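Note on naming: letters A, B, ... go to the chains in the order of the sequence lines (proteins, then strands), and numbering restarts at 1 for each one. Since the model is a prediction, treat every value here as computed from it, not as a measurement.
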There are 2 protein chains.
Amino acid sequence: MAAYSGRGLHGHIVETIGGRILDGTYAPGQTVHPDELERELDVSKTVVREALRVLASKGLVDSRPKRGTFVRPRSEWSLLDASLLRWQRRGAPDRRFLADLAEVRAIIEPAGARLAATRRTEADLAAMREALAVLAEPGADASAVIEADLRFHRALLAAAHNELMGRLEVVVEAGLRERDRIVHSGERWPDAVPAHRAVLDAVAAGDPAGAAAAVESLLEQASTDLAHAAGGEAGPHARNSGARNSGDSAAG
Amino acid sequence: MAAYSGRGLHGHIVETIGGRILDGTYAPGQTVHPDELERELDVSKTVVREALRVLASKGLVDSRPKRGTFVRPRSEWSLLDASLLRWQRRGAPDRRFLADLAEVRAIIEPAGARLAATRRTEADLAAMREALAVLAEPGADASAVIEADLRFHRALLAAAHNELMGRLEVVVEAGLRERDRIVHSGERWPDAVPAHRAVLDAVAAGDPAGAAAAVESLLEQASTDLAHAAGGEAGPHARNSGARNSGDSAAG
DNA sequence: GGCGCATTAATTATGCAAAAATCTTGACGG
DNA sequence: CCGTCAAGATTTTTGCATAATTAATGCGCC
């Protein structure tokens with residue numbers, strides 16, 4: 001179901017341990033004991049070791065002889081990995097991370113739309129139109145709408161015909177699903193359709209500036225809706241106000 | 001040495017097989033035979049299996065009973081993974097990929113600088129100053145300059161204090177190293193220092209627009225230098241002219 | 001006689017346990 | 001202070017058993 005071979009026992013163990021690291025059950029610096037895991041999860045050493053190897057490749061853990069396996073600092077995690085973004089969503093919604101997600105989307109997607117307006121093929125437009133059609137359907141259920149929404153944004157990035165830009169869909173997907181989890185009422189997005197249509201029209205017309213502006217407006221609207229639903233700070237581009245780290249020495 | 005536990009035999013095998021997939025030795029759709037690999041590389045079943053498991057988590061391969069292990073289509077690869085970007089550089093320089101890399105950098109870095117101008121701390125500025133100082137040293141050798149250059153851009157992204165933005169350093173690093181591999185003459189970047197200094201000054205002054213503009217100008221200069229060194233098409237933002245895919249139906 | 005379907009069988013990945021080899025680390029002695 | 005050595009743990013190896021999936025085969029049906 002997932003991106004890779006998430007089948008079988010192995011994938012389940014990887015997800016379990018990875019999830020525990022992401023949600024803080026295993027904190028950075030803490031050592032992970034493979035034998036405890038194999039007893040608790042009732043699997044063999046091999047499976048645990050393979051799982052830890054995969055997690056090591058994602059920067060989550062590191063194993064050194066005589067010292068054991070320990071969780072690496074969060075700054076070393078490959079947060080752009082699709083699995084990590086998925087596991088991150090399993091825990092409690094982190095407002096800070098949500099804001100980061102939205103911020104990156106606000107950078108990536110308008111730029112992607114700008115490129116897409118120049119490079120889109122007829123197939124790209126067809127994909128976007130299909131997604132929009134589902135999005136506009138009156139009697140569509142929530143999950144179908146979410147998937148169509150995701151398909152639309154995916155198609156938009158793909159239309160930029162930049163391989164790396166296309167891979168940034170992981171960020172878009174994470175942001176989209178996170179938002180849907182918060183508002184989680186499937187039927188109050190009738191006003192999202194015109195905004196999406198504006199994006200499609202600008203891209204189809206080959207208008208880079210218009211496409212970028214349309215996406216910005218779309219994200220802005222989604223942001224206000226989100227802030228309204230979450231009841232947090234108001235305003236479309238509201239941030240965690242002020243210094244994000246300690247000791248902001250900005251002088252204006 | 002690398003991002004994760006690249007130590008030991010296992011990491012070597014992962015890199016070997018992964019490199020072969022990225023350079024086309026193992027083409028998408030082709031089946032990979034674990035027993036042949038364990039004979040050829042002279043390792044046990046377990047090591048090959050663990051390596052393939054890691055590669056599966058990066059979307060490079062998929063294993064299914066009765067069908068064997070086969071290379072997945074390139075569109076499924078997690079190209080934002082640090083390892084994959086590194087392995088990609090091992091092969092012949094791909095102009096298309098290089099252009100994609102530069103294009104994404106041109107989107108990410110100015111936006112990052114814009115945020116950094118607002119949120120940078122004194123520690124961020126100190127890190128950038130240190131890197132710039134090394135960059136400006138008269139007698140520094142090539143590798144030291146490259147590392148300092150990379151440190152500067154890393155510090156810039158970190159100063160945006162957006163966790164995901166910071167992770168996009170993998171793209172910046174790939175682009176930077178790829179460029180350095182092409183021009184590969186260590187001592188013709190004296191003119192890169194002023195451009196970097198302009199970025200630092202704008203960020204320190206808390207000038208978002210100025211910081212973004214400075215980065216754009218920096219990337220533009222690097223792009224012209226690259227085009228000049230590679231002898232390809234001229235112009236700073238030169239692209240592969242026209243439709244990137246088949247059947248561009250743009251009417252605008 | 002050709003076609004569709006369920007059953008069977010073969011092939012492959014997957015999981016497990018135990019033992020050997022290799023390396024790191026810390027201590028001891030020169 | 002440095003080199004050697006020993007202890008400990010991890011990594012690696014080996015062999016085998018199990019499970020899952022696909023392809024083929026045989027049957028009944030149109």
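What separates CD of A/E50 from C1' of D/dT13 is a distance of 14 Å, to the nearest Å. As a whole-Å value, the separation of B/D62 CG from D/dT21 P is 12 Å. To the nearest angstrom, C1' of C/dT8 lies 12 Å from NZ of B/K66. B/R67 has its CZ atom 10 Å from the C1' atom of D/dT21, to the nearest Å.
The side-chain hydrogen bond (donor to acceptor under 3.5 Å, both in side chains) search around A/T31 returns A/H33, not counting sequence neighbours. Residues satisfying the side-chain hydrogen bond (donor to acceptor under 3.5 Å, both in side chains) test with B/T69, not counting sequence neighbours, are B/S63. Not counting sequence neighbours, the partners of B/R105 by the side-chain hydrogen bond (donor to acceptor under 3.5 Å, both in side chains) test are B/E109.
Counting only residues at least two apart or in different chains, salt bridge (Lys or Arg N to Asp or Glu O under 4.0 Å) contacts with residues 20-34 of chain B comprise B/R20-B/E40.
A heavy atom lying under 4.0 Å from DNA chain D marks the following residues of residues 30-49 of chain B, by number: B/V43, B/S44, B/T46, B/V47.
The side chain of B/R53 sits closest to C/dG15 out of C/dG15, D/dT21, D/dA23.
Between B/T69 and C/dA13, a side-chain N or O to OP1/OP2 separation shorter than 4.0 Å is present.
Looking at every heavy atom in both residues, A/A148 comes nearest to A/V134 through CB-CG1, 3.6 Å.
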Which donor-acceptor pairs under 3.5 Å do side chains of residues 169-176 of chain B form with protein atoms, sequence neighbours excluded?
from, atom 1, to, atom 2, distance (Å)
B/E169, OE1, B/R154, NE, 3.4
B/E169, OE1, B/R154, NH1, 2.3
B/E173, OE2, B/R177, NE, 3.0
B/E173, OE2, B/R177, NH2, 3.4

